[in-house]
Colleague: 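The structure's right below; bear with me while I get my questions together.
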Amino acid sequence: IIATSRHNRTDRISHQDTAIKVELTGFSEQQVEELIRAQLADPSRAEIARAYSRSRGNGRVLKYLVQRWETEIKKNISDNATSVEELIQAQISSSKKDLLKQHSQEEVDLFLAALSRLSPPVPVGEIASLLGVEETAIRSFITDFHPLIEESPLGVVFPDEPTETELRSIVLTEKSIARLKLELSSAQTSSHYAATTLPEFLRLTGDLEGAWELALSSRFPEDSSDQGRRTIQIARLLTALSLATDQADADKQVILTEH
């Protein structure tokens, strides 16, 4: 079996004693030069050296630099390395500024809450319903946040794991979290997506009381089957039990275990 893993997840690999780990390195300096010369007309050796120093051979960072050669390499003489995480954070900041030119701070905060805390793929119609806006407005948000997010046939998705990690680390306002929780809770009988997503949302936000109330709730999508209701109920109970365990709430653990 051949598999890939981010460095921060290698501790989850089973059979640690027999697994052979091979680090995936970046492009060599020569490979970086070949890639740049294949895409740009007559770059100087100093510029290529700067691009290699900035990217450290990382393909994603190199692509970003090549696409913005004039501003990032020609006009920026810094040789300081740029990490993938720093690159994504810069793209997030830039996208937020673009959004704030057209939308209020509250609207942007709520969109970021939905983007970073809901389970992908997130149907565009569901985001629009939760935020109380038209689907065209959500597609405008998506356009401003591209390439950090993409719209697939099933909904909004992250293009890769590093992007998802950085977007999920966005610090949200309490107001946006409370609003999104309220909208998800209100849609428990009308939306399968809201019903299946709320438990994970409560887990990500560490909301034990919200998870506790949801686990004891009898509100399900009206057109769901018995099996569908059981699946949703199990997710609710497991989320509440997990949070109760993490927060050492023994009373809730006992009651939830009995369910």
Side-chain angles (χ1 to χ4, degrees), residues 5-14 85 92 106 108-123 126-127 129-132 149 154-158 160-222 224-259:
S5 171
R6 295 273 289 170
H7 64 85
N8 59 318
R9 293 187 174 182
T10 54
D11 59 335
R12 302 182 187 182
I13 297 174
S14 60
E85 290 74 19
I92 291 174
E106 184 177 352
V108 173
D109 287 344
L110 193 54
F111 173 73
L112 291 176
L115 180 65
S116 62
R117 297 300 186 271
L118 297 183
S119 303
V122 190
E126 294 286 354
I127 303 179
S129 178
L130 290 171
L131 272 59
I149 55 174
L154 296 177
V156 179
V157 296
F158 303 111
D160 50 52
E161 186 178 9
T163 299
E164 179 176 3
T165 299
E166 294 304 313
L167 283 172
R168 290 203 179 282
S169 69
I170 290 176
V171 178
L172 302 176
T173 64
E174 292 185 7
K175 185 177 181 180
S176 64
I177 293 176
R179 167 72 185 282
L180 194 54
K181 174 187 172 181
L182 175 63
E183 298 298 338
L184 287 169
S185 299
S186 299
Q188 289 300 291
T189 60
S190 59
S191 168
H192 282 275
Y193 179 80
T196 56
T197 298
L198 183 54
E200 177 65 6
F201 175 81
L202 296 172
R203 186 190 69 78
L204 289 173
T205 54
D207 188 348
L208 173 56
E209 291 305 317
W212 166 256
E213 293 176 7
L214 185 64
L216 303 180
S217 171
S218 59
R219 298 171 65 240
F220 298 94
E222 295 175 352
S224 58
S225 64
D226 290 341
Q227 180 58 45
R229 293 190 178 204
R230 281 194 294 272
T231 299
I232 293 170
Q233 183 61 41
I234 289 172
R236 290 174 174 179
L237 287 168
L238 289 177
T239 296
L241 183 58
S242 174
L243 287 171
T245 301
D246 291 343
Q247 299 180 28
D249 191 321
D251 292 339
K252 286 185 173 60
Q253 288 181 59
V254 171
I255 295 172
L256 289 166
T257 301
E258 291 176 349
H259 276 69

Colleague: For T163, give me all partners under side-chain hydrogen bond (donor to acceptor under 3.5 Å, both in side chains), at least two apart in sequence or on another chain.
Modeller: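 Per chain and number, T163 pairs via side-chain hydrogen bond (donor to acceptor under 3.5 Å, both in side chains) with R60, D160.
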Colleague: Less than 4.5 Å apart, any side-chain heavy atom of S176 and any of R179?
Modeller: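 No; the side chains remain at least 4.5 Å from each other.
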Colleague: Determine the minimum heavy-atom distance between S191 and P221, stating which atoms define it.
Modeller: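 It is O-CG, 4.0 Å.
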Colleague: Nearest 0.5 Å please: distance from the CG atom of L204 over to the OG1 atom of T197.
Modeller: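 These two atoms lie 10.5 Å from each other.
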Colleague: Distance from L202 atom CG to T239 atom OG1, nearest 0.5 Å?
Modeller: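 Output value for this atom pair is 7.5 Å.
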Colleague: In Å, rounded to the nearest 0.5 Å, how long is the span from CD of E200 to OG1 of T205?
Modeller: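 It comes to 9.5 Å.
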Colleague: Any salt bridge (Lys or Arg N to Asp or Glu O under 4.0 Å) involving residues 226-250? Give me the pairs, sequence neighbours left out, ordered by first then second residue.
Modeller: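 Of all non-adjacent pairs touching residues 226-250, those that pass salt bridge (Lys or Arg N to Asp or Glu O under 4.0 Å) are D249-K252.
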Colleague: Side-chain contact, heavy-atom cut-off 4.5 Å: L198 with F201?
Modeller: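 Yes - at least one pair of side-chain heavy atoms lies under 4.5 Å apart.
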Colleague: Which distance, rounded to the nearest 0.5 Å, do you find between the NZ of K175 and the CG of D109?
Modeller: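 The distance works out to 9.0 Å.
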Colleague: Show which side-chain atoms of residues 112-123 pair as donor or acceptor with protein atoms under 3.5 Å away, not counting sequence neighbours.
Modeller:
from	atom 1	to	atom 2	distance (Å)
S116	OG	L112	O	2.7
R117	NH1	R168	O	2.9
R117	NH2	I170	O	2.9

Colleague: Which heavy atom of G206 sits nearest a heavy atom of Q247, and at what distance?
Modeller: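 Taking every non-hydrogen atom into account, O-NE2, 3.2 Å.
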Colleague: Under a 4.5 Å cut-off applied to non-hydrogen side-chain atoms, are E106 and L110 in contact?
Modeller: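 Answer no - side chains too far apart.
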Colleague: Do I149 and F158 touch side chain to side chain, with heavy atoms closer than 4.5 Å?
Modeller: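 With C-beta onward as the side chain, the pair touches.
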Colleague: State the CD1-CG distance between I234 and L241, to the nearest 0.5 angstrom.
Modeller: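 CG of L241 is found 13.0 Å from CD1 of I234.
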Colleague: Atom CH2 in W212, atom CG in L243: separation rounded to 0.5 Å?
Modeller: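 Result: 12.5 Å between the selected atoms.
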Colleague: Which heavy atom in L214 sits nearest to a heavy atom in P199, and how many Å separate them?
Modeller: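 In this case the closest contact between L214 and P199 is CD2-CG, 4.0 Å.
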Colleague: Do you know the tightest heavy-atom contact between S218 and F220?
Modeller: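 Scanning both residues, the minimum pair turns out to be O-CD1, 3.4 Å.
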Colleague: Thinking salt bridges, do D207 and K181 make one under a 4.0 Å N-O criterion?
Modeller: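 Judged by the 4.0 Å cut-off on N to carboxylate O distance, D207 and K181 do form a salt bridge.
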Colleague: Could you tell me if the side chain of T196 sits less than 4.5 Å from the side chain of I232, heavy atoms only?
Modeller: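 Answer yes - side chains close enough.
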Colleague: Can you see whether S217 engages Q188 through a side-chain donor-acceptor pair at a distance of less than 3.5 angstrom?
Modeller: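 Not at all, the side chains of S217 and Q188 share no donor-acceptor pair under 3.5 Å.
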